[in-house]
Amino acid sequence: MGAPILDEELSMIGGEFDLIDRFFKRSSTHHNRELALGIGDDCALLNHSAQTQWAVSTDMLVEGRHFLSTVAPERLGHKALAVNLSDLAACGAQPSVFFLALSMPNPDEAFLQAFSQGMFALADVMQVTLAGGDTTAGPLSICITVMGRVQTGMALRRDSAQPDDEVWVSHPVNSGIGDARLALEVFRGTCSLAQADFATTRDRLELPSPRVQLGLALKDVSRCAIDLSDGLCGDLNHILKASQVGAEIFLGQIPRSGAMLSQPLDRQHQFLLEGGDDYELLFTAAPQHHLRIRELAAQLGLGISCIGRITAQPGLKIWNEQGQALMTRYASFDHFQTSRWGLDES
């Protein structure tokens with residue numbers, strides 16, 4: 001093994017996604033007939049039959065980076081599976097099985113009992129089965145790989161946005177996005193909330209709801225989606241880069257909760273645009289599907305809001321509530337940039 005990556009080397013690499021592109025993304029000469037879509041989307045796609053593909057995704061949660069040591073273990077079990085199922089939702093896949101790799105300092109029976117209960121409760125709701133994995137001693141970290149089925153050629157992908165498409169985001173009814181980030185800032189002491197509002201936003205941080213049913217329903221109206229894990233601006237930019245298009249986003253159309261509305265406007269903008277941990281779906285669709293998407297929202301009991309449009313001109317433009325261009329730049333969470341909002345408890 002080589003030497004560990006130092007901070008100055010990470011700066012030269014440019015962060016998480018540059019690291020992946022430079023060291024792990026291989027050329028098309030390494031393509032094989034089973035791999036329909038590789039690195040660079042929410043899921044890889046593996047050909048299974050003429051009618052079906054497997055969608056596969058892996059995510060890791062590390063204590064201090066992705067969750068606080070004080071989180072209830074049953075909530076941690078739920079979230080560990082939920083964030084992976086969210087990738088399947090963004091691909092429009094039906095969950096099938098998952099694999100768990102778990103490292104922890106000691107085999108704590110009380111922790112494991114609660115953790116597994118939280119994980120299996122969500123697994124039962126989503127009808128997904130634990131099929132194997134690994135355990136070892138080490139720092140507390142959870143890595144889950146999920147597999148789901150999607151009809152061949154029907155997967156939602158990041159590279160399918162078209163000019164004039166509308167940009168949509170899902171959210172709880174009568175609420176919005178950004179609340180997970182708001183709860184995090186309460187934990188960090190940079191914001192304050194009434195007790196009831198904090199309880200609600202904390203649920204958004206610790207008990208996300210993977211939008212699997214929405215992802216499955218979108219096949220009739222969309223071919224392009226991503227889940228909101230690292231922040232709206234950063235995740236939308238993944239779509240824009242993959243699809244080679246631009247976008248306009250209207251802040252006044254982004255849904256927000258009462259708790260969010262209690263914060264100063266500049267903080268609202270920050271949490272809405274670079275918050276992360278929403279695990280909602282951001283997707284694009286042609287304007288003729290507008291009414292059908294509204295119908296889907298009602299059928300699924302979800303909020304789904306149109307927040308902008310795709311443009312042929314590259315770049316992301318954000319307009320504030322007064323219709324003025326927002327000049328502040330917002331970025332997504334990067335796991336190797338510690339100056340951004342990690343969950344470190346220092």
Do you know the tightest heavy-atom contact between [X] and [Y]?
X	Y	value
Gly301	Val173	O-CG2, 3.3 Å
Ser86	Asp227	OG-OD2, 2.8 Å
Ala55	Ala93	CB-CB, 3.8 Å
Leu193	Gln263	CD2-NE2, 3.5 Å
Asp179	Asp278	N-OD1, 4.1 Å
Leu261	Gln268	O-NE2, 3.6 Å

Determine whether more than 12 heavy atoms belonging to other residues, nucleotides or ligands lie under 6.0 Å from atom [atom1] of [X].
X	atom1	result
Gln244	CD	no
Gln195	CD	no
Asp108	CG	yes
Asp124	CG	yes

Any heavy-atom pair between the side chains of [Y] and [X] that's under 4.5 Å?
X	Y	result
Leu273	Leu251	yes
Glu74	Met119	no
Arg188	Glu185	yes
Leu214	Leu302	yes
Ser229	Tyr279	yes
His78	Pro208	yes
Leu282	Val167	yes

State whether the side chain of [X] and the backbone N or O of [Y] hold a donor-acceptor pair below 3.5 Å, judged by distance alone.
X	Y	result
Asp159	Ala242	no
Ser222	Thr284	yes
Gln253	Cys306	yes
Ser96	Met147	no
Asp165	Gln162	yes
Ser103	Pro139	yes
Asp203	Leu207	no
Thr152	Thr52	yes
Arg267	Met260	no
Ser243	Leu240	no

- Query: Between Glu280 and Arg211, is the closest basic N to carboxylate O distance under 4.0 Å?
  - Reply: yes

- Between Lys317 and Glu248, is there a salt bridge with N-O shorter than 4.0 Å? no

Measure the spacing between [atom1] of [X] and [atom2] of [Y] and express it to the nearest 0.5 Å.
X	Y	atom1	atom2	result
Arg158	Asn237	CZ	CG	11.5 Å
Arg223	Arg157	CZ	CZ	11.5 Å
Leu316	Cys233	CG	SG	5.5 Å
Ile307	Ile254	CD1	CD1	5.0 Å
Asp230	Glu274	CG	CD	11.5 Å
Leu281	Ser170	CG	OG	4.5 Å

[X]-[Y] co-clustered via ILVMFWY side chain contacts under 4.5 Å:
X	Y	answer
Leu85	Leu61	yes
Leu130	Phe111	yes
Leu68	Leu182	yes
Leu81	Phe120	yes
Leu112	Phe67	yes

- Before giving the answer on side-chain hydrogen bond (donor to acceptor under 3.5 Å, both in side chains), spell out for Ser305 and His171 the whole-Å C-alpha distance, their side-chain angles and the decisive distance to 0.1 Å. CA-CA 8 Å; Ser305 295; His171 55 92; 2.8 Å; yes

- List the steps and the verdict of side chain to side chain contact (heavy atoms under 4.5 Å, CB included) for His269 and Glu321. CA-CA 10 Å; His269 292 172; Glu321 291 83 351; 3.0 Å; yes

- Message: Pair Arg204, Asp277 - check side chain to side chain contact (heavy atoms under 4.5 Å, CB included), show working.
- Response: CA-CA 8 Å; Arg204 296 283 287 144; Asp277 267 293; over 6 Å; no

- Task: Show the numbers, then the answer: is there a side chain to side chain contact (heavy atoms under 4.5 Å, CB included) between Ile144 and Asp59?
- Result: CA-CA 6 Å; Ile144 287 180; Asp59 261 315; over 6 Å; no

- Item | Criterion side chain to side chain contact (heavy atoms under 4.5 Å, CB included) on Leu156 and Lys219, from CA distance to verdict | CA-CA 7 Å; Leu156 304 175; Lys219 65 181 184 297; 5.5 Å; no

- Message: Once you measure the plane-to-plane angle for His290 and Trp168, does it fall in the parallel (<30°), tilted (30-60°) or perpendicular (>60°) bin?
- Response: tilted

